[in-house]
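Not measured: the values here are computed from a predicted model. First the proteins, then the strands, lettered A, B, ... as listed; each starts at 1.
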Amino acid sequence: MADRPVPLAEKRLMDVKLGQLPSWLGTRDFTPNGLIGSVRRGYDRYYNKYINVKKGGIGGVAMILVGYVALSYLWEYDHIKHDRWRKYH
Amino acid sequence: MLSRLVLVSGSALKNSGSFGACVVQASRSLHSSSQSLAPVPPLPEKGGKVRHGIFPEELFTLLYPKTGVTGPYVLGTGLLLYLLSKEIYVINHETFAAASIGAVIIYGIKKFGPNVAAFADKLNEEKVAKAQEVKELAITSLAQAIEDEKKEQWRAEGRQMLFDAKRNNVAMLLEINYRERLHMVTNEVKKRLNYQVELQNMQRRMEQEHMVNWVEQNVIKSITPQQEKESIAKCISDLKALAKATQARATV
């Protein structure tokens with residue numbers, strides 16, 4: 001389904017083959033501007049897919065909240081570790 | 001439907017509707033890309049599908065070829081058991097709190113979800129209707145302006161006829177004036193010529209009369225007194241003879 005060979009730098013992450021991953025990572029832009037740009041792009045994609053629609057559902061906001069819950073659990077894990085029921089698993 | 005509320009409340013804060021956000025998005029990409037994005041494409045009807053409210057449909061479609069319909073559920077169960085057994089997810093007082101809150105949230109969403117969705121949809125509809133009204137008004141007023149303009153053009157064409165009529169009038173006036181002057185000229189010339197003719201006539205008459213008078217006077221002067229006496233005597237004798245002749249005729 002390739003209409004023309006796309007250079008590696010322009011490929012999206014899902015289209016990159018496993019072996020090309022390190023070289024693909026090398027082409028990515030890790031400057032602060034680039035990071036902010038990628039965050040902005042990610043936000044735009046999520047927003048346009050789940051929220052900026054005529055009949056959006058609960059999913060758009062719920063996924064954000066679940067992600068927030070999971071992330072905050074992850075950050076608190078070192079503190080929650082002490083509530084474990086058994087010492088050896 | 002909560003995202004619909006997000007849109008509506010966000011619009012209330014930003015004082016611009018979802019179209020505003022969309023327009024902002026579009027304008028942002030307008031500035032960066034060279035293609036023109038007007039008219040702005042309409043919003044998609046439905047967002048990306050999400051199952052059970054938190055799992056995007058892409059996960060299910062990803063696993064479907066290999067594991068069928070139950071694949072993601074089995075994956076979920078296995079993950080859950082692993083997290084619980086290894087106590088990566090620890091059950092403590094917070095679990096209970098999270099469970100109760102989750103139950104309340106899910107109950108609330110199931111019960112009031114459609115109502116809130118309908119309300120947000122109604123708000124959106126009103127906004128769209130208002131914008132549509134403005135557009136309709138603008139279109140009708142512009143169409144009216146077009147009609148008026150066409151009428152004015154037709155009127156301007158009619159003015160040509162007016163000019164023609166006026167031109168005809170002026171030509172007629174000029175013609176009349178010209179003919180009047182012609183008549184005046186002929187009259188004046190005729191009068192002058194008549195005068196000359198009368199003058200000549202009078203001259204001839206005067207000469208005639210003068211000649212006659214002169215001849216008469218000369219003749220009278222030439223009659224001597226003796227001739228006058230002789231002519232008177234002759235007239236008397238003629239008269240006597242005539243009287244005798246008539247007397248004689250009367251008696252006979």
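- A distance of 8.5 Å separates OH in A:Tyr73 from CD1 in B:Ile88, rounded to the nearest 0.5 Å.
- Within the 4.5 Å cutoff, the side chain of A:His89 has no heavy atoms near those of the B:Ser85 side chain.
- Within the 4.5 angstrom heavy-atom criterion, atoms from both the backbone and the side chain of B:Ile91 approach chain A.
- Remark: B:Ile54 CD1 to A:Ile64 CD1 distance equals 13.0 Å, nearest 0.5 Å.
- The number of heavy atoms from other shown groups lying within 6.0 Å of CD (B:Glu133) does not exceed 12.
- For B:Tyr73, the OH atom sits in a packed shell: over 12 heavy atoms of surrounding residues, nucleotides or ligands are nearer than 6.0 Å.
- Counting non-hydrogen atoms of neighbouring residues, nucleotides and ligands closer than 6.0 angstrom, the CG atom of A:Asn33 reaches no more than 12 such neighbours.
- Atom OH of residue A:Tyr50 and atom NZ of residue B:Lys49 lie 10.5 Å apart, to the nearest 0.5 angstrom.
- Looking at B:Glu45, its side chain never comes within 3.5 Å of a backbone N or O of A:Lys54 through a donor-acceptor pair.
- A:Met63 is listed as a side-chain neighbour of B:Val50, based on a closest heavy-atom distance under 4.5 Å.
- The shortest heavy-atom contact between B:Gly53 and A:Ala62 is O-CB, 3.3 Å.
- For A:Phe30, the CZ atom is densely surrounded, since the number of other residues' heavy atoms within 6.0 Å is greater than 12.
- Looking at B:Val90, the atoms closer than 4.5 Å to chain A (heavy atoms on both sides) sit in the backbone and in the side chain alike.
- Residue B:Phe55 qualifies as open at atom CZ: its count of foreign heavy atoms under 6.0 Å is 12 or below.
- In this structure, CD in B:Glu87 is found 11.5 Å from CD1 in A:Ile80, a value given to the nearest 0.5 Å.
- Within a 6.0 Å radius of NE2 in A:His79, no more than 12 heavy atoms belonging to other residues, nucleotides or ligands are found.
- For A:Tyr77, the part lying under 4.5 angstrom from a heavy atom of chain B is the side chain only.
- In the displayed structure, B:Glu126 atom CD is contacted under 6.0 Å by more than 12 heavy atoms of other residues, nucleotides or ligands.
- Residues A:Asn52 and B:Leu43 share a closest heavy-atom pair of O-CD2, 3.2 Å.
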